[in-house]
Amino acid sequence: QVQLVESGGGLVQAGGSLRLSCAASGRIPSFYILAWLRQAPGKEREFVARISWNGGSTYYADSAKGRFTISRDNAKNTVYLQIDSLKPEDTAVYYCASGSTYDYVYWGQGTQVTVSN
């Protein structure tokens with residue numbers, strides 16, 4: 001059974017940085033990707049970025065290019081999301097998910113990021 005556990009969220013001032021972690025346990029197929037998505041209050045969940053487990057190729061939503069960096073540490077079975085120059089509109093619950101590119105099979109419980117002015 002695969003489990004994804006996010007951590008690293010919190011309250012931060014605008015302009016600050018956070019690094020979110022997603023620790024995976026269990027056997028994830030090497031061809032799966034791991035993605036970060038977020039859901040702001042009153043809004044639909046939106047894709048942020050994804051990375052492949054085996055090759056490390058990355059893809060970002062247009063809104064995430066420039067301030068978000070996704071990376072992985074295969075030895076730790078962990079994927080990270082570095083967020084720089086945080087803005088209040090980045091306030092959301094951030095989720096990691098894994099599966100094929102458009103079909104996420106496994107989900108974490110989410111970690112709250114709150115950005116204050």
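The first residue in the sequence is number 1, and the count goes up from there.
Side-chain atoms of K87 and R67, non-hydrogen and from C-beta on, do get closer than 4.5 Å to each other. Side chains of V79 and C96 form no contact here, defined as non-hydrogen atoms less than 4.5 Å apart. F68 is not listed as a side-chain neighbour of W36, based on a closest heavy-atom distance of 4.5 Å or more. Residues D84 and L86 fail the side-chain proximity criterion, which asks for heavy atoms closer than 4.5 Å.
The CD1 atom of I28 sits 12.0 Å away from the CG atom of N54 when rounded to the nearest 0.5 Å. A distance of 8.0 Å separates CG of N77 from OG of S25, quoted to the nearest 0.5 Å. In this structure, OG on S21 lies 9.0 Å from NZ on K76, to the nearest 0.5 angstrom. Note: I51 CD1 to S57 OG = 7.5 Å, rounded to the nearest 0.5 Å. Once rounded to the nearest 0.5 Å, the distance linking OG of S100 with CZ of F31 reads 8.0 Å.
No side-chain N or O of T78 forms a donor-acceptor pair with one of D73 less than 3.5 Å apart.
Closest approach of Q82 to S17, counting heavy atoms only: NE2-CB, 3.7 Å. For the residue pair P29 and W53, the shortest heavy atom distance occurs at O-CD1, 4.1 Å. The minimum heavy-atom distance between S98 and Y32, with the atom names listed, is OG-CD2, 3.7 Å. Between G8 and L18, the closest heavy-atom pair is O-CD2, 3.6 Å.
Open room surrounds CD on Q13; 12 or fewer heavy atoms of other groups in view lie less than 6.0 Å from it. Within a 6.0 Å radius of CD in Q112, other residues, nucleotides and ligands contribute more than 12 heavy atoms.
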Between V12 and T114, is the side chain to side chain contact (heavy atoms under 4.5 Å, CB included) condition met? List the steps. CA-CA 6 Å; V12 63; T114 303; over 6 Å; no

Take Y95 and L4 through the side chain to side chain contact (heavy atoms under 4.5 Å, CB included) test and state the conclusion after the steps. CA-CA 9 Å; Y95 298 91; L4 303 175; over 6 Å; no

Verdict with reasoning, Q109 to E6, per side chain to side chain contact (heavy atoms under 4.5 Å, CB included): CA-CA 7 Å; Q109 81 289 350; E6 302 98 331; 2.8 Å; yes

Y94/I83 under side chain to side chain contact (heavy atoms under 4.5 Å, CB included): CA gap, chis, key distance, verdict: CA-CA 11 Å; Y94 285 71; I83 314 173; 3.9 Å; yes

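At least one donor-acceptor pair closer than 3.5 Å links the side chain of T111 to the backbone N or O of G9. For the pair Y60 (side chain) and I70 (backbone), a donor-acceptor distance under 3.5 Å is present.
D103 pairs by the salt bridge (Lys or Arg N to Asp or Glu O under 4.0 Å) definition with nothing, not counting sequence neighbours. The side chain to side chain donor-acceptor pair (under 3.5 Å) search around S63 returns none, not counting sequence neighbours.
Grouping the Ile, Leu, Val, Met, Phe, Trp and Tyr side chains by contacts below 4.5 angstrom, directly or via other members, places Y59 with I33. V2 and L37 fall into different hydrophobic clusters, where Ile, Leu, Val, Met, Phe, Trp and Tyr residues are linked whenever their side-chain heavy atoms come under 4.5 Å apart, directly or through other members.
Among V93, T91, D90, the one residue that satisfies the side chain to side chain contact (heavy atoms under 4.5 Å, CB included) test with R38 is D90. Of the options L34, T101, T58, a side chain to side chain contact (heavy atoms under 4.5 Å, CB included) to R50 is made by T101 and by none of the others.
Salt-bridge check for D62 with K65: passed, with a basic side-chain N closer than 4.0 Å to an acidic carboxylate O.
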